[in-house]
Amino acid sequence: MDLQIDGNTALVTASSSGLGKASARALAREGANVVINGRDADRLADAKADIEADATGEVVAQQGDLTDEDDIKALVETTVDEFGGIDHLVTSAGGPPSGPFLDTDDEDWYQAYDLLVMSVVRLAREAEPHLRESDAGTIVNITSRSVKEAIDSLVLSNSVRMSVIGLEKTLSQEFAPDVRTNAVLPGPHETERIEELVNQAVDRGEYDSYEAGLDDWASNPLERVGDPMELGNTVAFLSSPLSGYINGESVLIDGGSTGANL
């Protein structure tokens, strides 16, 4: 399927690994020029080379910390300088620390809010004039299925990510009709992070093999974890004119594990 985004420009944050990287790869495969971002220069360079291997658009890497307002401004400026504008903004960020409520202090709350919410606020604010100038402006926020159904020992994710959904819904009204805004809510996908966690559990003797450990993450009707590209392809679709009447939605990508009706 031709998603009709060949030659568009996409900015994808936290895209040196995981679901951000998969989203950047999906967009680049469709011919979009993509700016990727991460804090670690070496990992970012590796991701750039990896994405370029099957990209039909150009890939530019911009190092930066999403909790730093100046780095966010530089990220948007680099994208505009390189490609003349921004058509698609995809926001992603690493998850906050796990833990129950009583083990979470004020600093943990402020850091989680800065990373998960203020990064999206600042990115949307900086990118807004460029997205409005595009003929196909879109924002896709990568959050978590925890906004639909709370997950044990993830009080920060359960609570703070809800603000991103409230912001997404607001922008879907305030930025329309020039810009469409949606969110994706992933469940477990076989990212580097999950691979690391499973391998650590194997080393501790909790599982006999990586496959056995991964099965524990697959508690959904499809009986498997997701391939990151399944989420990336959904992000690319939501960024394309083929999804042109989808606005203000939060799309679960979790194999059907979430019990919520809505």
Side-chain angles (χ1 to χ4, degrees), residues 8-28 32 34-39 44 47 61-69 71-80 86-96 111-132 134 136-147 156-157 160-172 174-175 179-186 189 191 228 231-232 234-240 243 246-251 253:
N8 285 186
T9 296
L11 167 57
V12 186
T13 63
S15 43
S16 61
S17 64
L19 300 178
K21 180 181 175 183
S23 299
R25 171 179 276 122
L27 288 159
V34 178
V35 175
I36 64 171
N37 152 259
R39 288 180 297 179
L44 189 60
Q62 174 70 23
Q63 188 177 5
D65 185 339
L66 293 178
T67 64
D68 187 312
E69 188 172 2
D71 281 4
I72 286 178
K73 289 180 178 179
L75 187 55
V76 172
E77 289 171 1
T78 295
T79 307
V80 174
I86 303 175
D87 300 296
H88 312 294
L89 171 64
V90 180
T91 70
S92 179
Q111 288 178 346
Y113 191 82
D114 204 28
L115 174 64
L116 297 178
V117 182
M118 289 310 300
S119 64
V120 180
V121 169
R122 291 164 177 157
L123 284 160
R125 186 164 54 210
E126 293 298 321
E128 179 266 344
H130 308 291
L131 292 169
R132 285 195 188 275
S134 168
T138 65
I139 300 172
V140 179
N141 305 128
I142 301 175
T143 59
S144 169
R145 68 185 176 97
S146 66
V147 305
L156 291 173
S157 184
V160 176
R161 289 188 191 274
M162 291 293 291
S163 295
V164 178
I165 298 304
L167 175 60
E168 171 251 331
K169 196 66 174 181
T170 301
L171 296 184
S172 75
E174 292 190 3
F175 285 10
V179 181
R180 293 185 299 110
T181 307
N182 293 290
V184 291
L185 318 180
H189 287 68
T191 60
L231 180 132
T234 304
V235 169
F237 172 71
L238 290 173
S239 302
S240 80
S243 64
I246 301 176
N247 184 42
E249 292 302 317
S250 299
V251 182
I253 309 175

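The structure displayed is predicted, hence computed values, not measured ones.
Scanning both residues, Gln62 and Ala74, for their nearest heavy atoms gives NE2-CB, 4.3 Å. Closest approach of Arg161 to Pro96, counting heavy atoms only: NH2-CD, 3.8 Å. A pairwise comparison of heavy atoms in Ile86 and Ala127 identifies CD1-CB, 4.3 Å as the closest pair. Taking both residues in full, the closest heavy atoms of Ser243 and Ser240 are given as OG-O, 3.0 Å, listed atom of the first, atom of the second, then distance. Taking each heavy atom of Ser239 and Arg180 in turn, the nearest pair found is C-NH2, 4.2 Å. Nearest approach of Ser15 to Ala47, heavy atoms of both residues: O-CB, 4.2 Å.
Within the 4.5 Å cutoff, side-chain heavy atoms of Pro186 are placed close to those of Leu19. The shortest side-chain heavy-atom distance between Lys21 and Thr191 does not fall under the 4.5 Å cut-off. In this structure the side chain of Leu231 reaches within 4.5 angstrom of the side chain of Ser23, judged on heavy atoms. Proximity of Val179 to Leu171: side-chain heavy atoms (C-beta onward) are nowhere separated by under 4.5 Å.
A 6.0 Å sphere centred on CE of Met162 holds no more than 12 heavy atoms belonging to other residues, nucleotides or ligands.
Without hydrogens or angle criteria, Asp65 side chain to Asp71 main chain gives no donor-acceptor distance under 3.5 Å. A donor-acceptor contact shorter than 3.5 Å links the side chain of Asn182 to the backbone of Gly248. A donor-acceptor contact shorter than 3.5 Å links the side chain of Thr79 to the backbone of Leu75.
Screening Asn247, Thr170, Ile139 for a side chain to side chain contact (heavy atoms under 4.5 Å, CB included) with Phe175, the sole residue that qualifies is Ile139. If you run side chain to side chain contact (heavy atoms under 4.5 Å, CB included) between Val140 and each of Leu27, Leu238, Thr234, Thr91, only Leu238 comes through.
Interatomic distance, Thr143 OG1 to Glu168 CD, rounded to the nearest 0.5 Å: 8.0 Å. Between the CD atom in Gln111 and the CG atom in Leu156 there is a gap of 9.5 Å [rounded to 0.5 Å]. The CG atom of Leu123 sits 10.5 Å away from the CD atom of Glu69 when rounded to the nearest 0.5 Å. With rounding to the nearest 0.5 Å, the separation of CD1 in Ile246 from OG1 in Thr138 is 11.5 Å. Between the CD atom of Glu249 and the CD1 atom of Ile165 there is a distance of 10.5 Å, given to the nearest 0.5 Å. The line from CG of Leu44 to CZ of Arg39 is 12.0 Å long, rounded to the nearest 0.5 Å.
Between Arg122 and Asp68 there is no salt bridge, since no side-chain nitrogen of the basic residue lies less than 4.0 Å from a carboxylate oxygen of the acidic one.
The side-chain hydrogen bond (donor to acceptor under 3.5 Å, both in side chains) check on Ser172 picks up nothing, with sequence neighbours excluded. Contacts of Ser92 classified as side-chain contact (heavy atoms from CB on, under 4.5 Å), with partners at least two apart in sequence or in another chain: Thr13, Ala14, Ile142.
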